[in-house]
Amino acid sequence: MAIKNEYLQNLFDYLKAHTEPQPEFFQAVQEVFETLSPVVDRRPDLVKAGIFEQLVEPDRVITFRVNWTDDQGKVHFNRGYRVQFNNAIGPYKGGCRFHPSVNLSILKFLGFEQIFKNSLTGLPMGGGKGGADFDPRGKSDAEVMRFCQSFMSELWKYIGPDTDVPAGDIGVGSREVGYMFGMYKKLQGEFTGTITGKSLYSGGSLARTEATGFGLCYYTDEMLKANGSGFEGKKVIVSGSGNVATYANRKATELGGKVIAMSDSDGYIYDPNGIDYKVIKQIKEVERKRISEYVNLVPGAEYHPGCKGIWTIPCDIALPCATQNEIDLTGAQALIKNGVQAVSEGANMPTTLEATRAFQEAGVLFGPAKAANAGGVATSGLEMTQNSMRLSWSFDEVDEKLHGIMKNIYAATANTAAEYGMAGNLVAGANIAGFLKVAEAMKWQGCAF
Ligand code: NDP
Ligand code: 2IT
């Protein structure tokens, strides 16, 4: 697919010409623009109101220096960011990523996608994203704590329960959220639910830890069922071995699938007997070791260095849950050749534009990230609700609400795709359905000052 609409193509060209090179951000915008042509044709009022132009420019980008001291007393510096992209339907909402690869392009792509994803959840949340080029890997708990405190000593001025509500993402789990929340509370002098993914002892929600992976499988199950299939008896590959991957494994297994391969940034494991998520959780989350450890614990499993080879293993369902652009055209072609039936994105933008096209042309069911991984932020929204109401729902209550939200998102994406003449194209359905709600809000609020 290309950007078929002249107006959107011109806007995309202008954006690229007037922005320093930001390849991930441009990729995310291109994917959305490729699917919005029919909306432009039907809604000249949105063009007149300048909605598309406003949507690709963040409300503001905050960058700041983060200094911290290691255990030997040496001072280090990192760059911190918060991209507040759009708050038309609610406070800015989105995670923070700590990874050495973090830069403005990556955070703008993530913040941009978050606008549409949050809209799809049906909850009142705008889009934002933040993070730092800090690598928590190999750091002591005390070093991570000092980094998080320093990061928050700057960020706290810009966030709040009705302003901007950060959460976790790659490299930011319960430990980092805890340190950031503690510092925020100290500086603000208030106990509010300004960060989500909190511990259960500090206003966190049951099922938030599981939510992205569970939600991914709920969405994928809806997609499979609508096409006369399901997880039962299927071979599943889950890339990554962090928060999303671990609980995608658990739910895929509970729904009757067998997860035969998982990975980290060094390599992948293959276990024909099925990978127990508890072993992965122990290695990666509790011991903070490499996934290669798995073969020392489970007989009959194999470890292969390098992460891209995981897509050459024959499977029925592929759930990429590690990072952006982890399935390129070569990976997609290998999966298609081996008869993959469904690909559903747990990570954000894990599939390149060329690979996505290849899946769609081959008739592979394709669940786009903005819809398929929305369960995490949806449950963050439920955490915000519980914080505001000052009560806590049970695990089952939250899980049931999450399941309902994912079913609604599947229906919205499938129905919208059909309504706009692209039946089965859930990428288009997610982009259009997510866009329309935000665009209506922006138009209604008035945008020209
Ligand atoms: P974690 O930090 O818990 O886990 C990330 C996993 O991906 C690890 O296995 C990590 O390997 C691997 N990984 C990270 N970067 C790379 C890389 N450059 N190349 C190869 N592998 C890599 O993060 P999450 O599980 O939270 O996030 C995974 C994906 O899901 C991200 O795309 C995130 O944006 C997305 N997401 C997360 C949500 C959440 O609620 N947490 C919600 C929606 C989407 P290693 O251990 O070697 O670093
Ligand atoms: O990409 C995402 O949706 C997240 N990392 C979760 C964001 C959140 O606010 O829970």
Side-chain angles (χ1 to χ4, degrees), residues 90 93-96 114 117-118 120-125 161 165-170 172-178 180-181 193-222 231 238 240-257 259 276-278 280-282 284-286 319 321 344-348 367 369-410:
K93 179 83 195 87
C96 283
Q114 202 83 46
K117 184 197 303 191
N118 294 2
L120 285 170
T121 66
L123 300 172
M125 300 182 289
V165 184
D169 193 79
I170 290 177
V172 179
S174 171
R175 176 181 62 169
E176 290 75 15
V177 166
M180 287 197 276
F181 182 72
T194 297
I195 307 178
T196 61
K198 299 184 291 297
S199 134
L200 298 178
Y201 306 112
S202 291
S205 174
L206 283 160
R208 174 62 187 90
T209 306
E210 294 82 357
T212 313
F214 277 24
L216 170 68
C217 293
Y218 293 147
Y219 184 90
T220 308
D221 197 37
E222 290 299 303
F231 271 97
V238 179
S241 46
N243 171 265
V244 180
T246 300
Y247 293 98
N249 172 328
R250 179 172 159 192
K251 187 52 74 178
T253 307
E254 282 174 8
L255 291 172
V259 177
D276 183 343
Y277 85 93
K278 292 195 276 318
I280 297 296
K281 191 172 151 69
Q282 180 65 28
K284 295 293 294 186
E285 189 187 315
V286 179
L319 303 176
C321 295
S344 209
E345 298 183 315
N348 287 307
K370 294 184 195 80
N373 75 30
V377 74
T379 307
S380 281
L382 300 177
E383 182 173 331
M384 290 164 73
T385 306
Q386 293 169 80
N387 291 163
S388 299
M389 296 165 80
R390 299 194 189 285
L391 52 75
S392 303
W393 293 326
S394 69
F395 186 97
D396 288 346
E397 271 178 289
V398 180
D399 190 32
E400 206 175 297
K401 286 184 182 18
L402 167 66
H403 202 159
I405 289 170
M406 299 315 295
K407 283 184 174 183
N408 288 344
I409 295 178
Y410 178 74

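- For the pair Phe231 and Cys217, the tightest heavy-atom approach, listed with the atom from each and the gap, is CE1-O, 3.6 Å.
- A distance-only check finds no donor-acceptor pair linking the side chain of Asn249 to the backbone of Asp276 [under 3.5 Å].
- Results of the side-chain contact (heavy atoms from CB on, under 4.5 Å) test with Lys198 over Glu383, Arg208, Met180 single out Glu383 as the only residue that passes.
- Under a 3.5 Å cut-off, the side chain of Asn373 and the backbone N or O of Thr212 do not form any donor-acceptor pair.
- Judged purely by atom type and a 3.5 angstrom limit, Gln386 uses its side chain to pair as donor or acceptor with the backbone of Trp393.
- Nearest heavy-atom pair, Gly168 versus Val177, reported as atom, atom and distance to 0.1 Å: N-CG2, 4.2 Å.
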Leu216/Cys321 under side-chain contact (heavy atoms from CB on, under 4.5 Å): CA gap, chis, key distance, verdict: CA-CA 10 Å; Leu216 170 68; Cys321 295; 3.6 Å; yes

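- Nearest heavy atoms, Ser344 versus Thr220: OG-OG1, 2.9 Å.
- Nearest heavy-atom pair, Ala248 versus Leu319, reported as atom, atom and distance to 0.1 Å: CB-CD1, 4.5 Å.
- No donor-acceptor pair closer than 3.5 Å links the side chain of Lys284 to the backbone N or O of Gly242.
- Considering every non-hydrogen atom in both Lys93 and Asn118, the closest pair reads O-ND2, 3.1 Å.
- Phe181 CZ to Thr194 OG1: the interatomic distance, rounded to the nearest 0.5 Å, is 7.0 Å.
- Partner of Tyr277 under the side-chain contact (heavy atoms from CB on, under 4.5 Å) criterion, out of Arg250, Lys251, Glu254: Arg250 alone.
- In this structure, NZ in Lys117 is found 10.0 Å from CD1 in Ile409, a value given to the nearest 0.5 Å.
- Across Ser205 and Thr379, no two heavy atoms sit closer than the pair OG-CG2, 4.4 Å.
- Panel note: side chain Glu400, backbone Glu397; no donor-acceptor pair is recorded below 3.5 Å.
- Side chain of Glu222 to main chain of Met406: no donor-acceptor pair is present (N/O by atom type, distance under 3.5 Å, no hydrogens or angles).
- The shortest distance between side-chain heavy atoms of Lys281 and Tyr247 falls below 4.5 Å.
- In this structure, the side chain of Asp221 does not engage the main chain of Leu255 through any donor-acceptor pair within 3.5 Å.
- Distance CG/Leu206 to CG/Leu382: 12.0 Å, rounded to 0.5 Å.
- Inter-residue side-chain proximity for Asp399 and Tyr218 is flagged as met; some heavy-atom pair is nearer than 4.5 Å.
- To the nearest 0.5 Å, atom OH of residue Tyr410 and atom CG of residue Leu120 are 13.5 Å apart.
- Side chains of Thr246 and Glu285 form no contact here, defined as non-hydrogen atoms less than 4.5 Å apart.
- A heavy-atom distance below 4.5 Å is found between the side chains of Asp169 and Asn348.
- Taking the side chain as every heavy atom from C-beta outward, Asn387 and Pro161 never approach each other to under 4.5 Å.
- Here the CG-OG1 distance, from Asn243 to Thr209, works out to 6.5 Å after rounding to the nearest 0.5 Å.
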